[in-house]
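Inspection log for the structure reproduced underneath, given as structure tokens.
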Amino acid sequence: MTLKDIAKEAGVSISTVSRVINNTGTNAASKEVRERIWEIVRQTGYVPNYAAQNLKLGKNEDIISRRSLTCLFARTPSAPNNPFFSTIAKSVETEAYKYNYFLKSSFTSFNINDIESYKMLRASTNGVVILGRCDRTTLKYIKEYCHHVIFTGLNPLDAKYDQILCDGYSATAMAMDYLCQLGHRHIGYVGETNCENRYDGYRDFLKEKQLPFDSSYVASEPLTSNGGYDGAMKLLKQQPRLTAMFCGDDIAAIGVLRAIRDFGLKVPDDMSVIGIDDIETSQFLSPMLTTIHVPMEEMGQLAAKMLIDRIDGGHTLPMKINLPFYLAKRESCAKPRSLD
């Protein structure tokens, strides 16, 4: 497979394929074309290196496996379909190609649930990028069977691995502070609560500011649209004093927006909503979602760079990098309605 072959199959010019693969500019093609090109690359095993172009996956599987990475979607079985994690994974793949590595496979923690699976993973890839928080069983197997590992997400991992982080605790504090500045005092939480620094940040902020809090303000739900919808409905029924909801991520916020509308209320007139991530969909919602922007592409790029540097012997001590975030003010937050 050559650049010419990829260009022909994708229906674009060779120069467009080259720019996309070498990441020389996102203006080289539309998002749809870029994704089509990368899908062809994945299916064919194309390696962007003149010597490696002559390799065939069948005869040289062992050679290519020594230049490959794997993404482990550790958070949920639906994580590969979550825009937050899929954006990071695509960025890992794009950056890896610049160093003549390729993303050979992706797994969820539900695909890898025994020792033999981890032995197979170790034998077939150079390094693993963990996307999202691991449970204890998964982390135990990774420690034992995977030598080159990097973690990226919003919750720091309690392990001596390289980590690319965007601090979910501090990001939550920024979101809550914005709602507080608008005048909100009764703020609900929709999202996960177990070992979750966003929930810790929410609870600690209310305590610090001496704002109202009890269990009726919290809906412990998975970070999905359905989870957001169910959680918001629960809060709307049990706590009428709420004027704002903080959501653990934008996917949950999408469900929250729908629930508020179905409940007969308006955003932001009756209820303000804020999320975390700033996925692409957020700015196309109605109203557009106010959220905390997390640098997903940069997280993937740095994860790939640092993992490859470790594989190549560039560093040995565990490194931790925290990336900045910012508030993306849009239409879903306003001053609170007056309470009787």
Side-chain angles (χ1 to χ4, degrees), residues 23 25-27 31 34-35 73 75 79 81-95 129 131-133 151-156 163-182 184 187 189-192 196-202 204-205 223-225 228 244-257 267-268 272-306 320-334:
N23 196 29
T26 57
N27 294 327
K31 179 182 177 182
R34 294 199 304 272
E35 290 183 352
F73 292 85
R75 182 107 192 189
N81 298 320
N82 182 299
F84 177 78
F85 292 114
S86 63
T87 298
I88 295 176
K90 287 179 181 179
S91 182
V92 168
E93 181 177 40
T94 301
E95 191 67 21
V129 182
L131 305 176
R133 189 178 63 238
F151 169 81
T152 185
L154 302 183
N155 288 272
Q163 300 186 44
I164 306 296
L165 304 170
C166 188
D167 184 13
Y169 184 95
S170 299
T172 298
M174 176 179 284
M176 293 292 289
D177 186 63
Y178 178 59
L179 293 175
C180 192
Q181 288 180 32
L182 289 173
H184 293 279
I187 304 169
Y189 175 91
V190 179
E192 298 181 1
E196 175 51 64
N197 66 0
R198 279 161 280 185
Y199 176 65
D200 294 341
Y202 161 81
D204 290 350
F205 183 89
L223 295 175
T224 63
S225 294
M245 293 189 191
F246 167 75
C247 307
D249 71 1
D250 291 353
I251 293 296
I254 291 172
V256 168
L257 292 173
V267 176
S272 289
V273 177
I274 191 167
I276 285 185
D277 287 349
D278 197 17
I279 61 175
E280 186 178 20
T281 308
S282 298
Q283 58 188 310
F284 296 102
L285 299 171
S286 181
M288 292 187 290
L289 181 65
T290 296
T291 185
I292 303 298
H293 176 85
V294 174
M296 294 169 277
E297 292 189 0
E298 288 81 359
M299 291 171 74
Q301 290 170 0
L302 284 174
K305 284 182 179 180
M306 190 176 291
K320 185 179 294 186
I321 296 178
N322 276 285
L323 298 184
F325 49 84
Y326 63 81
L327 174 66
K329 296 182 183 179
R330 299 198 181 107
E331 300 172 342
S332 65
C333 291

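Between the side chain of S225 and the backbone N or O of A252, no donor-acceptor pair lies under 3.5 Å. For D250 (side chain) and I279 (main-chain N/O), a donor-acceptor pair under 3.5 Å exists by modelled atom type. Between the side chain of T94 and the main chain of K90, a donor-acceptor pair closer than 3.5 Å is present. Although no hydrogens or angles enter the test, the distance criterion places no donor-acceptor pair under 3.5 Å between the side chain of S272 and the main chain of A244.
Using a 4.5 Å cut-off on side-chain heavy atoms (C-beta onward), T152 and V92 make no contact.
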Evaluate the criterion side chain to side chain contact (heavy atoms under 4.5 Å, CB included) for residue pair D249 and L154; output intermediate values, then yes/no. CA-CA 11 Å; D249 71 1; L154 302 183; over 6 Å; no
With side chain to side chain contact (heavy atoms under 4.5 Å, CB included) as the criterion, how do D204 and T172 come out once you've worked through the C-alpha distance, each side chain's angles and the decisive distance to 0.1 Å? CA-CA 10 Å; D204 290 350; T172 298; over 6 Å; no
Residue pair L223, F84: steps toward the side chain to side chain contact (heavy atoms under 4.5 Å, CB included) verdict: CA-CA 11 Å; L223 295 175; F84 177 78; over 6 Å; no
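Atom NZ of K329 is separated from atom OG1 of T290 by 9.0 Å, given to the nearest 0.5 angstrom. In this structure, OG in S86 is found 11.5 Å from CD in E93, a value given to the nearest 0.5 Å. For the atom pair CG of N197 and CD of E192, the computed distance is 11.5 Å after rounding to the nearest 0.5 Å. One distance of note links CG of D277 with CZ of F85; it measures 8.0 Å at 0.5 Å rounding. Interatomic distance, CD1 of I321 versus CD1 of I164, reported as 4.0 Å (0.5 Å rounding). Distance check: L289 CG to T281 OG1 gives 10.0 Å after rounding to the nearest 0.5 Å.
In terms of heavy atoms, A253 sits closest to V273 at CB-CG1, 4.3 Å. Between C333 and L179, the closest heavy-atom pair is SG-CD2, 3.9 Å. Nearest heavy atoms, F73 versus A89: CZ-CB, 3.7 Å. Nearest heavy atoms, G248 versus I276: O-CB, 3.9 Å.
For S170, the side chain to side chain donor-acceptor pair (under 3.5 Å) test picks out D167, with sequence neighbours left out. Qualifying side-chain contact (heavy atoms from CB on, under 4.5 Å) partners for E298, counting only residues two or more places apart in sequence or in other chains: P295, Q301, L323. Listed by chain and residue number, R75, R133, N155, R198 satisfy the side chain to side chain donor-acceptor pair (under 3.5 Å) test with E196 (two or more places apart in sequence, or in another chain). For A175, the side-chain contact (heavy atoms from CB on, under 4.5 Å) partners are F246, I274, I292, not counting sequence neighbours. With sequence neighbours excluded, the residues forming a side-chain contact (heavy atoms from CB on, under 4.5 Å) with P287 are V267, E331, S332, listed by chain and number. Residues satisfying the side chain to side chain donor-acceptor pair (under 3.5 Å) test with Y199, not counting sequence neighbours, are none. The salt bridge (charged side-chain N to carboxylate O under 4.0 Å, His left out) test applied to D278 returns R330, not counting sequence neighbours. Qualifying side chain to side chain donor-acceptor pair (under 3.5 Å) partners for D200, counting only residues two or more places apart in sequence or in other chains: R203. D177 is linked by a side-chain contact (heavy atoms from CB on, under 4.5 Å) to Q181, F205, counting only residues two or more places apart in sequence or in another chain.
In summary, of the residues considered (E297, M299, E280), a side-chain contact (heavy atoms from CB on, under 4.5 Å) with T87 occurs for E297 alone.
Using cut-offs of 30° and 60° for the angle between ring planes, the Y202 and Y189 rings count as tilted.
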